[in-house]
Structures are given as structure tokens and as C-alpha cells.
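Reading through the C-alpha cells given below for one structure.
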Protein chains: 2
Amino acid sequence: MKKEENNMGWLFDEEVSDSGDLTEKQKRIVKAAVEMFQEKGFSASSTSEIARRAGVAEGTIFRHYRTKKELLLAIVTPVMSHLVAPFIVKDLDKVLEQDYEHYEDFLKAVVRNRQTFIRKHLPIVKILIQEIPFHEELRTQFIEHIAKDLFDRFGKVVVHFQEKGELIEIPSSSAIRLSLTAILGFFLARYIMVPDRDWDDEKEIEITVQFILHGLKAR
Amino acid sequence: MKKEENNMGWLFDEEVSDSGDLTEKQKRIVKAAVEMFQEKGFSASSTSEIARRAGVAEGTIFRHYRTKKELLLAIVTPVMSHLVAPFIVKDLDKVLEQDYEHYEDFLKAVVRNRQTFIRKHLPIVKILIQEIPFHEELRTQFIEHIAKDLFDRFGKVVVHFQEKGELIEIPSSSAIRLSLTAILGFFLARYIMVPDRDWDDEKEIEITVQFILHGLKAR
DNA sequence: TTGTAAAGTGAGTAATCACTCATTTTTAAA
DNA sequence: TTTAAAAATGAGTGATTACTCACTTTACAA
């Protein structure tokens, strides 16, 4: 009765939150909750203040979400499931069909694609990162459905370019880790640690990608 | 009356927590608090349960720490201040005095040194990472006294090897970021994300360092 | 206009929260 | 053995918590 996840939208472009079938007040609850969770964290955020900020009676929250935790999950799980899965499928195909001739092309596509996503859903991504350690469901969902999938697919890409002789022959898990941390490190610096610096995104991405390429180049 | 930080100990080796002048019950409070903060996070941890786990009356906590937050800070700030500062001073000297002939030597020293520290204080490091976003004092202390210092010193090292023609001429901030994220990415994977895998630390460190070196090599 | 289900309300509830304080116990120097 | 300070206690405090429920309002098809 609650979730009718429109299971197509994001495949074509985005719109992760099924904001369509939410009532006006429900949207304001979600908005206020995202703000508060980000500022104080989940368990330091009270439902009474969320209601106050949303301009809504406290009971209204519990009309739509049976518990405070359910509210958190409703906010965070759709973003989690779109954080990683969809783009990699598409880009994986392009790699295997040789649309991406070099690892460089693949990397750049990944970075660009995820940058627009993270930029758009940054507050929720932050909440997700914060709360993952404390919620079993989030952890298992992340590991089982996201991380494993990501490593599988990313691993295939790495192996593909290793076999082409383009990348050094180290364990694919290491190559993935090194590629990902360089990329995530950029996002971390760019959007979380020092978002106020005036970044030259194009240049910084180029530096980061070249770093990975030279670091992993067959030698 | 509370803090008489023995300001020499860690310079020679470590022993970050001034456990010396703590009463028996105080040590058990700190131990229980670290456990709970790690499991549930700071604000989801109640002083009553901390007391129960420590086998201590709740009032005893407030004999030693005026507030719950003061307990958190007492646990977390000494680790933060030793997380970064001391080793870099020493290693910086060695670089400038050419004890470290190559960037490789510096990197390996840094990784080895910080690995023993992180291994020893992992629970508190985790708490620190979790709580930094929500506590102004922690954030400013981290930025002003830790991050800036680290970047200053690390920057000097990078520039030194750039001038020697060993490293590529990119902005030092980028070179630092790329070096650090590769190292931190290893620690993150090794001790937080998948600590249970059977790691070949030596090999993995070698791979990581070589990745950084080739990624940043002058070309 | 009426009927009905969904949306919204807010006072009320028991539990829990961080913290206090009068009192007792422990420690250790005199 | 005396004594005074420090450490430890735990019942008690008012505030706040997540959540409930009897009720009112709104939306809208018949």
C-alpha cells in the first residue's frame, strides 16, 4: 500500500525518490527529516522537531511511517540502490562490446555519470554513509546488493583490460580498490571535505584519471 | 585537575591514553563507553547503559565527566591529536635531511607507522570518524590542528620530490590527495570494510605504494 | 448532496533521557 | 587511630522521547 516504486523512471534518467505518489505534507516531512538527519544524525533527531520543521502534526509522520526508523529507510534505500547498480550495467556492456576501447574511456564515463548523481543526492548520500554502520538492514543490503554487484562488474572490466595487456597483472580486487579509492577520494574532497574551494572539476578529474591509468598501466 | 597530559610519552612511542592517572572505575567507564559508542553511536548510547556495562553507578560517570559529551571528547581528542601530527614531523625531517632518498621510502615509512597506530586505536578512530560531522569542536580541532598541519608538511615533502624531478608537476594539493586516498583506501578496506579477509599486508602495501609511485612519477 | 476512505491532528502515555545531590565508602597522609 | 578529601553511590528530577488513538478535516466518486 505504501511503496509502488515506479520501477522504470531511473533507468532512463533519474528521479530516484518516488515523489510522485507522496502527499504534499509527506514531501515536507521527508525534506525536514533529510535536513535534520544530516545536521544531527538519525538518533539525535526527534520526531517532534521533524514535525515542527515540516509544519505538520507529529501524528502525521506516523500515519505514513510506522516508526522513525522506517522513515529513515524510506529516504535512504532508494538512493542506495541507485548509487551503484544502474550505470555500471550500461557501462559494462559498452566495455564488453568494445564501445570503450580503453580503461580510460570507462573510467571517465563512470566518474562523469556518478558525479551528477552524487551532486544531486548528496545530502542523502551523506546520511547513508553515516547510518550504515548502525543499521543491520542497511549494512546487509549494501553488501549483498550493492558492493558485491559493483565488485563483480567492475572486476570483469578490469580483467578485460588486463587481458588486453593494458593493465598491470595484480589481483583484480586490488586494482578495483585503487581505482575506486582514487575516484571516491576526489568526490570526498570535492563535495564533503572542502566543497567551498573553487574547483576546476575538469582538470581535477583528468589528473585523477591519469593518476589511475599510470598507476595501473602494464609495465 | 583532570588533564595532566603527559606530554612526552607518545613522542618516543605511544600510549595515547593517559591511562596512568585514571581510577580503576574510570578506566572501566571509558572502556564501556568506547564499546557502546562504536556499536550504537554517541547519541544512541545512554549513560545508564554505559554505567551498567562498566559495573558502576551512573553518578560515578558524572563525578569524572561533567557531561556525556565531555566523556566523548576525553576519549576521542587525544587519539585525534596523535593520529597525524607526531610521525609526520619526524619523517619530514628525514626527507629534508635526505635520509629518505626517494618518495617511496617516505611513503612506506608513513604507511608502516600509521598502520601500527590505527591497528592499536581502531575503535576510537572509528568513533572519531563517525562523530566528527556532528560536533563543532571536533571539526574545528581536526581542521585547524590536524588537517592543515598534515597538508602543510605533506605538501613540503611532495614539493621536495617534485623539485628533484621525481614526481610529476601537478598541484601539490592533488598529489597529496591522490597519495593519501590510496593509503587511506587501503586502511579502510583492510580494517573497516573487509577486515575478515586474509590479507597479505606486505604485498598489498607494496602494490599500493607502487601504484602511487607510478601514478605520480614524472613523465 | 451524500458517503466513505484517506489524510491529518494533537493531547496523552509510559519509558527513557542526562544529570543532581545528599549520603556512604575508600584512600592515604598525619 | 584520627581525619579530611576524594571516590562512589543510587534514588530522585524534570525534560524529552517515540509512538497511540479518538477525533476532525479533506478529497472525491456515486
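Per chain, numbering begins at 1; letters A, B, ... match sequence-line order.
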Starting at atom [atom1] of [X], determine the distance to atom [atom2] of [N], rounded to an integer number of angstrom.
X	N	atom1	atom2	result
B:Ile61	D:dA11	CD1	P	16 Å
B:Glu70	C:dA18	CD	P	15 Å
B:Arg52	C:dA18	CZ	C1'	16 Å
A:Glu24	C:dA6	CD	P	20 Å
A:Lys25	C:dG10	NZ	C1'	13 Å
A:Arg63	D:dC23	CZ	P	14 Å
A:Asp21	C:dA7	CG	C1'	15 Å

Restricting both atoms to N or O, compile the protein contacts to nucleotides 14-19 of chain D shorter than 3.5 Å, with distance only.
unit_1: D:dT17; atom_1: OP2; unit_2: A:Ser48; atom_2: OG; d: 3.4
unit_1: D:dA18; atom_1: OP1; unit_2: A:Ser45; atom_2: O; d: 3.1
unit_1: D:dA18; atom_1: OP1; unit_2: A:Lys68; atom_2: NZ; d: 2.9
unit_1: D:dA18; atom_1: OP2; unit_2: A:Thr47; atom_2: N; d: 2.9
unit_1: D:dA18; atom_1: OP2; unit_2: A:Thr47; atom_2: OG1; d: 3.0
unit_1: D:dC19; atom_1: OP2; unit_2: A:Lys68; atom_2: N; d: 2.6
unit_1: D:dC19; atom_1: N4; unit_2: A:Glu58; atom_2: OE1; d: 3.4
unit_1: D:dC19; atom_1: N4; unit_2: A:Glu58; atom_2: OE2; d: 3.4

Contact under 4.0 Å: [X] side-chain N or O vs [N] OP1/OP2:
X	N	value
B:His64	D:dA8	yes
B:Thr23	D:dA6	no
A:Thr60	C:dA7	no

Who are the side-chain contact (heavy atoms from CB on, under 4.5 Å) partners of [X], not counting sequence neighbours?
X	result
A:Phe134	A:Glu131, B:Gln130
B:Ile132	B:Leu128, B:Leu138, B:Arg139, B:Phe142
A:Ala32	A:Ile50, A:Arg53, A:Ala54

message: Checking A:Glu204 now: which residues fulfil salt bridge (Lys or Arg N to Asp or Glu O under 4.0 Å) with it, not counting sequence neighbours?
response: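 Partners of A:Glu204 by the salt bridge (Lys or Arg N to Asp or Glu O under 4.0 Å) criterion, ordered by chain and then number, come out as B:Arg177.
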message: Can you list everything that forms a salt bridge (Lys or Arg N to Asp or Glu O under 4.0 Å) with B:Arg190? Sequence neighbours excluded, please.
response: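 Checked B:Arg190 against salt bridge (Lys or Arg N to Asp or Glu O under 4.0 Å); matches are B:Asp201.
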- prompt: Taking the six-membered ring for Trp, are A:Tyr103 and A:Phe106 parallel (under 30°), tilted (30 to 60°) or perpendicular (over 60°)?
  reply: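 Ring orientation of A:Tyr103 relative to A:Phe106: parallel.
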